[in-house]
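Notes for the one structure printed next.
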Amino acid sequence: MSTPTDHHHSDAAPAHSDPQSPSSAPTTVCLRCGNHSSSSSPTTNTTTSFSPPPWNDLSSPPPVYRPIKAPAINAPPPNTQAIILTPVPQPLPVPLSSPPHHFHAPSKQINSPDDLHRFHSSAGRHFLGFVSTLSASVRGCKISDPCPHRSPAVDHLLSILKSLSAWIDEIPPAPQTSRYGNPSFRAWHSRLTDSGESIVRDLIVIDDLKEAAVELVHYLLDSFGNPSRIDYGTGHETNFAAFLYCLARLGLIVEEDHRAIVLRVFVAYLDLMRKLQMTYCLEPAGSHGVWGLDDYHFLPFVFGSAQLIDHRYMKPKSIHNPDILDNFSGEYMYLSCVAFVKKVKKGVFAEHSPMLDDISGVATWQKVNGGLLKMYKAEVLEKVPIMQHFLFGSLIPW
C-alpha cells in the first residue's frame, strides 16, 4: 500500500501562490494524497506526509499506522500534545443539594470559550469529577461481577431503560431509502416526551423532591438523540451522565451505587442506544470522522478502559485479536465498543479508526484510561459546538 511519501506528485494540481511575493514558489496540491507541495520543478515536488499525532506513551514503540489517502474534512485530529500536558481529571465527591430547593426548567448558557471556562471553574469541575469517580468505581471489574449495593433509583432506572427498549419493538421503522434518519424515531421520542415527567416523578422516591422532575426531565429527553435531526452524539450521552449526576446531587444515587450505575445502568443505556441507532438509523451528531473513537459514544471507552486496568492477560493491543473480542466483549465495554465499530465499519481498521488503532499501541490500560479522561474533557466538555446545548438549572447551576 502506498503512503503519502512514496509517490511523485506528477498528478498534482496547481494551487494559489502569494501574488505579493515574487520569490515565492508556486504550490501544488497532490490529487492522490491531498497534501500541498512547493517546488520550482514538477519533477522534484515533495510533500510532507500526513499522519496522526502520537498518543501519550513516548516510552513504548509507536503503533503501526496505515495512512488514509486524505484526512477527514469534517473535524481535525485532536490536539494530542495539549491533551498530554493536562493533568488527569480526578474523582470528586458529589456535592449534595440542600434545601430550600428551587427547581426550575434548565436552560442553555454556553455560547463562547469564556463561558466554557466559567463552567469548568465551577459546576463543570464537579461534573467531570463525578465521571472520574464512576470510572474509578469499575476498575478491574467485569460486567457480570456482583453489585452488592443498589439504591431504589438504580432499579427504577433499569426499569425505565427496559420500557424504552420495548417501545422500539412497538414502533417499527418506516420504509426508507436514505442512509440515515428513519422518521419513526420521532414517534418513539414523542412518546418519551409525553411520558417523560411522569417517568421521572416515579423515579424520585422521596416526596419532598418530586418537584425536581420539572428540571430532570429535560436532561432525560436530551439523552437519546434529537428528534428533529434524527441524530445522536456525545452531547446526548453527556446529558445522560448529567441526568445521573443530578440524581446523585439529590441523594437518590449514593457513592456505593457507582459500580451498579456503570455496570448495570450505563450498560443498559448503551444497549438501548445501539438498538435505537441500528433500528432508526440515527445520524452521528458532529462525528469526528476517522479521528473519533466512535461515531456516537465516548464514555463507554472511558469506563471500559477502567475495567481492564491491571488485567493479567488483555493489553490495549489485544483489541486486534478476534478471539478476544468474540469471547470477552460481553464482559468489557471497551471491547464491546471496538467489536461494534468493526461490525459497522468495513475495511482496514487502522484506516477507518486510526485513533483507536493508535491507542492500542499504549503500554497499559491505566495510561489509556487517564488519556481518555483528559480527551473527554478536551474534546467533549471543552467544545462549544457540543456544550452549547448543555443545560443549567438549580442542580447544575450557572
Side-chain angles (χ1 to χ4, degrees), residues 91-97 101 103 126-168 192 195-224 236-276 297 299-300 302-304 306-307 330-334 336 395-396:
L92 289 175
V94 176
L96 289 176
S97 176
H101 301 290
F103 302 120
H126 290 287
F127 174 67
L128 184 57
F130 173 67
V131 172
S132 300
T133 301
L134 292 179
S135 174
S137 72
V138 295
R139 177 170 175 161
C141 298
K142 301 192 298 291
I143 290 175
S144 63
D145 284 351
C147 300
H149 191 281
R150 282 166 57 164
S151 296
V154 174
D155 292 322
H156 276 86
L157 285 167
L158 291 172
S159 177
I160 291 169
L161 295 172
K162 184 178 179 180
S163 297
L164 297 183
S165 180
W167 290 0
I168 302 175
L192 174 63
S195 308
E197 189 162 342
S198 63
I199 288 175
V200 175
R201 290 184 71 89
D202 291 341
L203 170 65
I204 302 173
V205 294
I206 301 175
D207 289 339
D208 290 345
L209 298 177
K210 291 283 187 183
E211 293 307 311
V214 69
E215 190 164 323
L216 290 175
V217 66
H218 293 276
Y219 294 101
L220 182 69
L221 297 181
D222 281 350
S223 296
F224 304 99
H236 301 106
E237 178 186 72
T238 297
N239 267 303
F240 186 71
F243 178 67
L244 298 175
Y245 175 73
C246 290
L247 293 176
R249 286 219 63 201
L250 293 173
L252 299 173
I253 291 174
V254 296
E255 186 175 351
E256 291 78 11
D257 292 320
H258 287 175
R259 180 184 293 186
I261 287 295
V262 177
L263 298 183
R264 299 293 183 268
V265 174
F266 199 86
V267 167
Y269 169 73
L270 181 61
D271 290 342
L272 170 61
M273 287 317 310
R274 295 299 192 204
K275 189 174 179 180
L276 284 168
H297 292 281
L299 288 177
V302 175
F303 301 149
Q307 287 183 272
E331 290 285 13
Y332 298 98
M333 271 184 280
Y334 195 99
S336 173
L395 297 172
I396 303 180

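None of the values given here were measured: they were computed from a predicted structure.
Side-chain contact between L247 and L203 is present, with at least one heavy-atom pair separated by less than 4.5 Å. Using a 4.5 Å cut-off on side-chain heavy atoms (C-beta onward), L250 and I206 make no contact. When side chains are defined from C-beta on, F240 does not count as touching M273, because their heavy atoms never get closer than 4.5 Å. At a threshold of 4.5 Å between non-hydrogen side-chain atoms, the residues Y245 and V131 do not count as touching. Here the side chains of D222 and F243 are not in contact, with every heavy-atom distance at 4.5 Å or above. A heavy-atom distance below 4.5 Å is not found between the side chains of H156 and L252. With contacts defined as side-chain heavy-atom distances shorter than 4.5 Å, the pair V94/H126 does not qualify. With contacts defined as side-chain heavy-atom distances shorter than 4.5 Å, the pair F127/T238 qualifies.
Looking only at distances, no side-chain donor or acceptor of S159 sits under 3.5 Å from a matching main-chain atom of D155. Looking only at distances, no side-chain donor or acceptor of S165 sits under 3.5 Å from a matching main-chain atom of L161. Checked by atom type and distance alone, the side chain of K275 never pairs as donor or acceptor with a backbone atom of I168 at under 3.5 Å. Distance alone, capped at 3.5 Å, is enough to place a donor-acceptor pair between the T133 side chain and the L92 backbone. Judged by distance alone, with hydrogens and angles left aside, the side-chain atoms of D202 form no donor-acceptor pair with the main-chain N or O of I199 at under 3.5 Å. Formation of a donor-acceptor pair under 3.5 Å by the S223 side chain with backbone atoms of Y219 is found in this model. With hydrogens and angles disregarded, no donor-acceptor distance shorter than 3.5 Å links the side chain of Q307 to the backbone of R139. At distances below 3.5 Å, at least one donor-acceptor pair connects side-chain atoms of E331 with backbone N or O atoms of S144.
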Side chain to side chain contact (heavy atoms under 4.5 Å, CB included) assessment of L216 paired with F103:
CA-CA 9 Å; L216 290 175; F103 302 120; over 6 Å; no
Given L134 and V138, is the side chain to side chain contact (heavy atoms under 4.5 Å, CB included) satisfied, shown in steps?
CA-CA 7 Å; L134 292 179; V138 295; over 6 Å; no
For side chain to side chain contact (heavy atoms under 4.5 Å, CB included), just list the numbers for L157 and I261, CA-CA rounded to whole Å, side-chain angles, deciding distance to a tenth of an Å, and then say yes or no.
CA-CA 9 Å; L157 285 167; I261 287 295; 4.2 Å; yes
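Between atom CG of residue L276 and atom CG of residue D271 there is a gap of 11.0 Å, rounded to the nearest 0.5 Å. We find the NE2-CE distance between H297 and M333 to be 11.5 Å, quoted to the nearest 0.5 Å. Note: L220 CG to C246 SG = 11.0 Å, rounded to the nearest 0.5 Å.
A salt bridge is absent between E256 and R150: the closest approach of a Lys/Arg side-chain nitrogen to an acidic carboxylate oxygen does not fall below 4.0 angstrom. Remark: D145 engages K142 in a salt bridge, criterion side-chain N to carboxylate O under 4.0 Å.
A search for salt bridge (charged side-chain N to carboxylate O under 4.0 Å, His left out) contacts involving K210 returns nothing, not counting sequence neighbours.
Between F130 and H258, the gap from one ring centroid to the other is short of 6.0 Å.
The number of heavy-atom neighbours closer than 6.0 Å to NZ of K162, taken from other residues, nucleotides and ligands shown, is 12 or below.
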